[in-house]
Amino acid sequence: TATLVRMASDNETPPPQRWVAVRALGKNPSDAARDALIAFLASDNAPVRIAACYAIGERGDRGLAGRLAARLEDKALLVRHAAADGLGMLRDPATVPDLARALDDPSNHYRGTSMWVRRHFVEAIGAIGGEHAMVPLTKALDDRDPDVAKAAVKGFEQVAGFSYGQGRSDAEEREAWRRWAGQRGG
């Protein structure tokens, strides 16, 4: 652990090696690795923050979900993306409101246009699933960004374990999911 932390912390370590060192810490169950990952979430180096997000997701430690959710507001879009993916891996229902807020956050739009990172927020919500996911997924079905709406459909497919796509247009499929969610309180 100490060697990996030293490598990942050293600005002289080549970027690919730093990346691998941080990601390897996600496979290490020790408290020292956990503490290092928490520290790397606040690194000045965006690729290190990204690697820490994925490592925490792979670690499966839901106790770090709140710290990971805080990265949904990172100044770097790629870190926000990695944080969403990490939250999708953790599958902590408590983070669905954080992802829903990030989806609606104006900083994830540019001049009124949805940014690509928003799709990842919806994908994470779908991966988490459960009752908590119904309302934000239903709302995302009507998003003006077609990639966000498609991600909502895939999210519903993950939650339900089946598809309404066969023989339906995109609009009909979204309407079928609205009805399905409505029957479940979504």
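Just the heavy atoms: all of them, side chains too, but no hydrogens, waters or symmetry mates, feed the values below. Count residues from 1 along the sequence.
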- [ ] Could you tell me the separation between the CD atom of Glu157 and the CD atom of Glu173, rounded to the nearest 0.5 Å?
- [x] 5.5 Å
TODO: Only counting residues at least two apart or in another chain, list the ones meeting salt bridge (Lys or Arg N to Asp or Glu O under 4.0 Å) with Arg174.
DONE: none
Open item on the list: Any salt bridge linking Arg168 with Glu175? Criterion: basic side-chain nitrogen under 4.0 Å from a carboxylate oxygen.
Closed with: no
Open item on the list: Would you call the rings of Trp177 and Phe156 parallel, tilted or perpendicular, taking 30° and 60° as the class edges?
Closed with: parallel
- [ ] Answer whether the closest heavy-atom distance between the side chains of Lys150 and Val153 falls below 4.5 Å.
- [x] no
Task: side chain to side chain contact (heavy atoms under 4.5 Å, CB included) evaluation trace for Asn108 with Ser114 - done: CA-CA 7 Å; Asn108 293 312; Ser114 175; over 6 Å; no
Task: Arg6 backbone acceptor or donor facing Ser9 side chain under 3.5 Å - done: no
Task: Distance (rounded to the nearest 0.5 Å) between Leu25 CG and Thr1 OG1 - done: 6.5 Å
- [ ] Given salt bridge (charged side-chain N to carboxylate O under 4.0 Å, His left out), test Arg184 with Glu131 step by step and report yes or no.
- [x] CA-CA 8 Å; Arg184 282 153 189 79; Glu131 296 294 319; over 6 Å; no
Task: Pairwise distance CG(Leu37) to CG(Asp61) - rounded to 0.5 angstrom - done: 9.5 Å
TODO: Report the distance from atom CZ of Phe40 to atom CD1 of Ile50, rounding to the nearest 0.5 Å.
DONE: 14.5 Å
Task: Heavy-atom neighbours of Phe162 CZ exceed 12 at 6.0 Å - done: yes
TODO: State, to 0.1 Å, how close Met115 and Ser107 come at their nearest heavy-atom pair, and which atoms those are.
DONE: SD-O, 3.8 Å
- [ ] Treating Ile, Leu, Val, Met, Phe, Trp and Tyr as nodes and any side-chain heavy-atom pair under 4.5 angstrom as an edge, say whether Met7 and Tyr54 lie in one connected cluster.
- [x] no
- [ ] Determine the minimum heavy-atom distance between Gly57 and Met89, stating which atoms define it.
- [x] O-CB, 3.6 Å
- [ ] Show your working on side chain to side chain contact (heavy atoms under 4.5 Å, CB included) between Cys53 and Leu68 and close with a plain yes or no.
- [x] CA-CA 6 Å; Cys53 289; Leu68 192 53; 3.6 Å; yes
Task: Nearest non-hydrogen partners of Ala127 and Gln158, listed with the distance - done: N-OE1, 3.7 Å
Open item on the list: Assess the residue pair Arg59 and Asn28 against the criterion (side-chain hydrogen bond (donor to acceptor under 3.5 Å, both in side chains)); give the C-alpha distance rounded to whole Å, side-chain angles, the decisive distance to 0.1 Å, and a yes or no.
Closed with: CA-CA 8 Å; Arg59 184 179 174 87; Asn28 185 327; 5.5 Å; no
Task: Shortest non-hydrogen separation from Ala52 to Val22 and the atoms involved - done: N-CG1, 3.5 Å
Task: salt_bridge(Arg118, Asp143) N-O dist < 4.0 Å - done: yes
Task: Flag, side chain of Arg80 to backbone of Asp74, donor-acceptor distance under 3.5 Å - done: yes
Task: Interatomic distance, Leu87 atom CG to Ile128 atom CD1 [nearest 0.5 angstrom] - done: 6.0 Å
Task: Derivation of the side chain to side chain contact (heavy atoms under 4.5 Å, CB included) call for Asp92 and Thr95 - done: CA-CA 6 Å; Asp92 185 348; Thr95 62; 4.3 Å; yes
Open item on the list: What I'd like to find out is whether the side chain of Val148 reaches to under 4.5 Å of the side chain of Phe121, using heavy atoms alone.
Closed with: no
Task: Pairing of Asp142 and Arg178 as salt bridge, 4.0 angstrom limit - done: yes
- [ ] Test salt bridge (charged side-chain N to carboxylate O under 4.0 Å, His left out) on Arg34 and Asp31 and set out the steps.
- [x] CA-CA 5 Å; Arg34 184 183 196 271; Asp31 289 341; 5.8 Å; no
TODO: Rounded to the nearest 0.5 Å, what's the gap from CG on Leu103 to CG on Leu137? Could you check?
DONE: 9.5 Å
TODO: Report yes if some heavy atom in the side chain of His120 is under 4.5 Å from a heavy atom in the side chain of Asp85; otherwise report no.
DONE: yes
Task: Contact summary for Gly129 and Val159, nearest pair of heavy atoms - done: CA-CG2, 3.5 Å
Task: Side chain Arg18, main chain Ala8, donor-acceptor under 3.5 Å - done: yes
Open item on the list: Atom CZ of residue position Arg62 - does it have more than 12 heavy atoms of other residues, nucleotides or ligands inside 6.0 Å?
Closed with: yes
- [ ] Examine distances only and state if a side-chain atom of Glu172 and a backbone atom of Ser169 form a donor-acceptor pair shorter than 3.5 Å.
- [x] yes
- [ ] Would you please test Asp104 and Lys139 for salt bridge (charged side-chain N to carboxylate O under 4.0 Å, His left out) and show each step?
- [x] CA-CA 10 Å; Asp104 292 336; Lys139 183 177 177 186; 2.8 Å; yes
Open item on the list: Could you check whether any side-chain N or O of Ser43 sits under 3.5 Å from a backbone N or O of Val48, counting only pairs where one atom can act as donor and the other as acceptor?
Closed with: no
TODO: Of all the heavy-atom pairs spanning Leu99 and Ala124, show the shortest one and how long it is.
DONE: CD1-CB, 3.8 Å
Task: Chi angles and distances behind the side chain to side chain contact (heavy atoms under 4.5 Å, CB included) call for Arg49, Leu41 - done: CA-CA 5 Å; Arg49 293 194 309 274; Leu41 280 177; 5.6 Å; no
